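Taking it in order: structure first as structure tokens, then the write-up.
All values reported here derive from a predicted model rather than from experimental measurement. Below, all heavy atoms of this structure are taken into account, side chains as well, without hydrogens, waters or symmetry copies. We name chains A, B, ... by the order of the sequence lines, and we start the count at 1 in each one.
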Protein chains: 2
Amino acid sequence: MNELEIVERIRRMARRGADVELGIGDDCAIYRPRTGEDLLVTSDQMIEDVHFRRDQKADSIGERALARGLSDIAAMGGEPRLCLVSLAVPARMDAWIFDFFRGLMRLARRTSTALAGGDLGRSKRIYCDVMVCGAVARGKALRRDGARVGDGIYVSGRLGKSWERRIEPRLALGRSLMGRATACMDVSDGLSLDLHRLCVASRVAARLDRVPVARGSSVDRALNGGEDYELLFTLPEGVEAPRGTSRIGTIAEGRAGSVWFQGRRLAARGWDPFRRGG
Amino acid sequence: MNELEIVERIRRMARRGADVELGIGDDCAIYRPRTGEDLLVTSDQMIEDVHFRRDQKADSIGERALARGLSDIAAMGGEPRLCLVSLAVPARMDAWIFDFFRGLMRLARRTSTALAGGDLGRSKRIYCDVMVCGAVARGKALRRDGARVGDGIYVSGRLGKSWERRIEPRLALGRSLMGRATACMDVSDGLSLDLHRLCVASRVAARLDRVPVARGSSVDRALNGGEDYELLFTLPEGVEAPRGTSRIGTIAEGRAGSVWFQGRRLAARGWDPFRRGG
């Protein structure tokens with residue numbers, strides 16, 4: 001198949017969003033903003049032999065490629081609107097492309113995300129980059145820079161989960177935290193690194209008492225693993241936490257970004273492609 | 001340097017846009033739409049050994065990576081607002097990363113495009129994907145599906161240009177065509193393939209009489225080369241063409257997508273990574 005034929009087949013698989021005036025097939029997609037909304041934009045790469053292996057299921061890779069961006073939208077309290085998917089694959093992998101998009105569209109439908117465009121290319125290894133655009137009421141987005149000393153630190157679900165599971169980005173939880181959480185972000189690179197980042201942004205320190213560990217996982221993996229797609233957030237003392245979330249510690253005074261776990265300094269050891277040296 | 005340090009240095013190089021409420025550093029960037037604007041979104045990949053070689057200048061590669069998306073915004077008549085840049089590079093190429101962003105930011109500043117976020121990763125070969133978001137007055141975007149039989153076909157500048165040049169996406173020309181052109185797109189994969197696509201979208205055929213050839217280039221390269229970043233558009237008979245553009249033919253009846261050049265059928269032989277087999 002040539003590019004036009006592949007794009008046409010993906011176009012037929014794609015979900016068209018209510019606010020997407022023009023989808024796949026022109027130089028750009030057109031999105032018509034609703035009155036009083038701010039737009040959230042994020043992009044995340046998935047690279048063969050870094051984030052996944054070719055022998056893993058293509059539909060799971062496609063689902064995960066979109067989940068990463070949706071989790072970022074959830075972390076800001078937004079609703080997803082559309083995505084653009086850039087994908088480069090080796091020759092003779094046309095069937096893989098359609099499996100990838102089948103998995104991606106499964107999650108797109110569950111979350112009302114339109115596939116509005118993207119770019120197809122060739123490369124020696126599989127590479128993809130997904131941009132997600134979401135919306136939030138003007139000025140209401142949750143950010144990671146508002147945590148204050150004395151706030152409780154919370155996380156949704158359990159951490160250290162395995163790769164082989166269906167991902168549910170915490171979109172409803174994120175929206176429910178608007179106007180309540182002082183800071184919020186998603187746990188995608190490991191709790192120790194992500195909490196460090198939240199504390200750097202908010203210029204505070206953190207003391208962790210406990211961490212909810214996924215069945216079959218370990219405390220070390222819950223602290224330093226990645227790909228959890230849970231939300232990490234802070235609430236002022238006295239504000240009730242949503243169901244399905246656990247308090248894991250307290251924002252404290254101290255050097256911006258330092259994190260303590262059960263009395264010991266916790267190194268930020270989560271997923272950093274540049275520290276690990278690729 | 002670790003990822004936080006690299007991102008912080010890129011953040012200091014970045015231009016912050018007037019409508020970008022929150023730039024690099026959180027889960028998402030926040031864009032506040034103006035009243036009455038539609039948003040245009042597009043993404044384009046640049047892959048080592050497909051679109052460029054590692055021994056080419058990093059700043060030119062960065063500039064070109066952004067130019068591709070800006071040219072798509074120009075083709076719809078839009079003004080660029082922001083971009084997200086996803087980049088994956090091998091280890092020990094930190095200096096290359098900053099050269100890449102220096103070139104990209106040079107074009108971003110000239111075109112008032114904010115660098116609002118993105119994603120950094122590691123890979124064996126250099127890979128990048130740039131998403132550009134632009135804006136256009138509601139309902140006024142130029143599309144490629146409105147060409148009608150009898151319209152004149154026009155192109156800006158000259159085609160078949162070499163890689164080694166400063167790129168100027170035709171943003172002012174695109175805006176000047178709003179309300180005049182019946183169809184518009186950019187020439188990025190070669191005139192023969194791109195005009196074929198415009199004709200497929202508009203369900204018409206085209207007859208080309210001539211093509212403006214860049215100095216030192218050839219008719220073949222002007223018809224079938226790529227990376228021109230000029231605008232291809234159609235005007236109803238009697239509508240004056242903007243300066244710096246040339247009439248090259250006429251929209252005709254015939255099989256949708258068929259293109260004739262000086263009386264002979266022209267094959268769509270421009271840049272298609274899937275037809276060429278990568």
Side-chain angles (χ1 to χ4, degrees), chain A residues 1-4 6 21-22 25-33 37-45 47 49-50 72-73 75-76 78 82 84 86 88 90-91 116-125 127 129 131 133-134 138 141 143-145 185-186 197 200-201 272-275 277-278, chain B residues 1-4 6 21-22 25-33 37-45 47 49-50 72-73 75-76 78 82 84 86 88 90-91 116-125 127 129 131 133-134 138 141 143-145 185-186 197 200-201 272-275 277-278:
Chain A
M1 298 174 88
N2 66 34
E3 188 183 352
L4 287 181
I6 293 174
E21 293 291 311
L22 184 65
D26 212 307
D27 292 276
C28 301
I30 304 178
Y31 175 78
R32 182 157 296 169
E37 72 183 10
D38 280 346
L39 294 177
L40 309 170
V41 287
T42 180
S43 63
D44 289 276
Q45 302 175 98
I47 302 168
D49 295 334
V50 177
D72 288 324
I73 299 294
M76 309 281 286
L82 63 86
L84 301 181
S86 291
D119 188 33
L120 283 179
R122 286 287 190 217
S123 62
K124 292 249 161 94
R125 284 159 196 261
Y127 179 100
D129 184 45
M131 188 284 287
C133 176
R138 184 166 288 193
R143 299 163 57 146
R144 57 172 77 166
D145 59 3
M185 67 182 292
D186 78 325
R197 289 169 172 156
V200 167
D272 178 344
F274 284 82
R275 186 170 291 141
Chain B
M1 297 174 88
N2 67 33
E3 188 183 352
L4 287 181
I6 293 175
E21 292 291 310
L22 184 66
D26 213 307
D27 292 274
C28 302
I30 304 177
Y31 175 78
R32 182 158 295 170
E37 72 182 11
D38 280 347
L39 294 178
L40 309 170
V41 287
T42 180
S43 62
D44 289 277
Q45 303 176 99
I47 302 168
D49 295 334
V50 176
D72 288 324
I73 299 293
M76 308 279 287
L82 63 86
L84 301 182
S86 291
D119 188 31
L120 284 179
R122 286 288 190 217
S123 62
K124 293 250 162 91
R125 282 159 199 262
Y127 180 97
D129 184 45
M131 188 284 288
C133 176
R138 184 166 290 193
R143 301 163 57 146
R144 58 173 76 166
D145 59 3
M185 66 182 293
D186 78 324
R197 289 169 173 155
V200 167
D272 179 345
F274 284 80
R275 186 170 292 142

Which atoms of [X] are under 4.5 Å from chain A, going by heavy atoms: the side chain, the backbone, both sets, or neither?
X	answer
B:Met76	side chain
B:Ala201	neither
B:Leu82	side chain

First locate atom [atom1] of [X], then atom [atom2] of [Y], and finally report the distance between them rounded to the nearest 0.5 Å.
X	Y	atom1	atom2	value
B:Asp38	A:Cys28	CG	SG	11.5 Å
A:Asp27	B:Arg143	CG	CZ	11.5 Å
A:Asp119	B:Ile47	CG	CD1	7.5 Å
B:Asp145	A:Leu22	CG	CG	7.0 Å
B:Asp49	A:Ser123	CG	OG	10.5 Å

Fill in: For chain A, the option from B:Met185, B:Arg138, B:Glu21 that forms the most heavy-atom pairs under 4.5 Å
B:Arg138

Worksheet item: Which one, B:Val41, B:Thr42, B:Leu40, leads in non-hydrogen pairs under 4.5 Å with chain A?
Response: B:Val41

Worksheet item: Backbone N or O of A:Arg144 within a donor-acceptor pair of the B:Asp26 side chain at under 3.5 Å?
Response: yes

Worksheet item: Hey, does A:Met131 have a side-chain heavy atom less than 4.5 Å from the side chain of B:Ser43?
Response: no

Response to the item:
From the list A:Ala141, A:Gly117, A:Gly25, the residue making the most non-hydrogen contacts under 4.5 Å with chain B is A:Gly25

Worksheet entry | Nearest non-hydrogen partners of A:Val50 and B:Arg122, listed with the distance | CG2-O, 3.3 Å

Response to the item:
Applying a strict 4.5 Å limit to non-hydrogen atoms, the region of A:Ile30 in contact with chain B is both

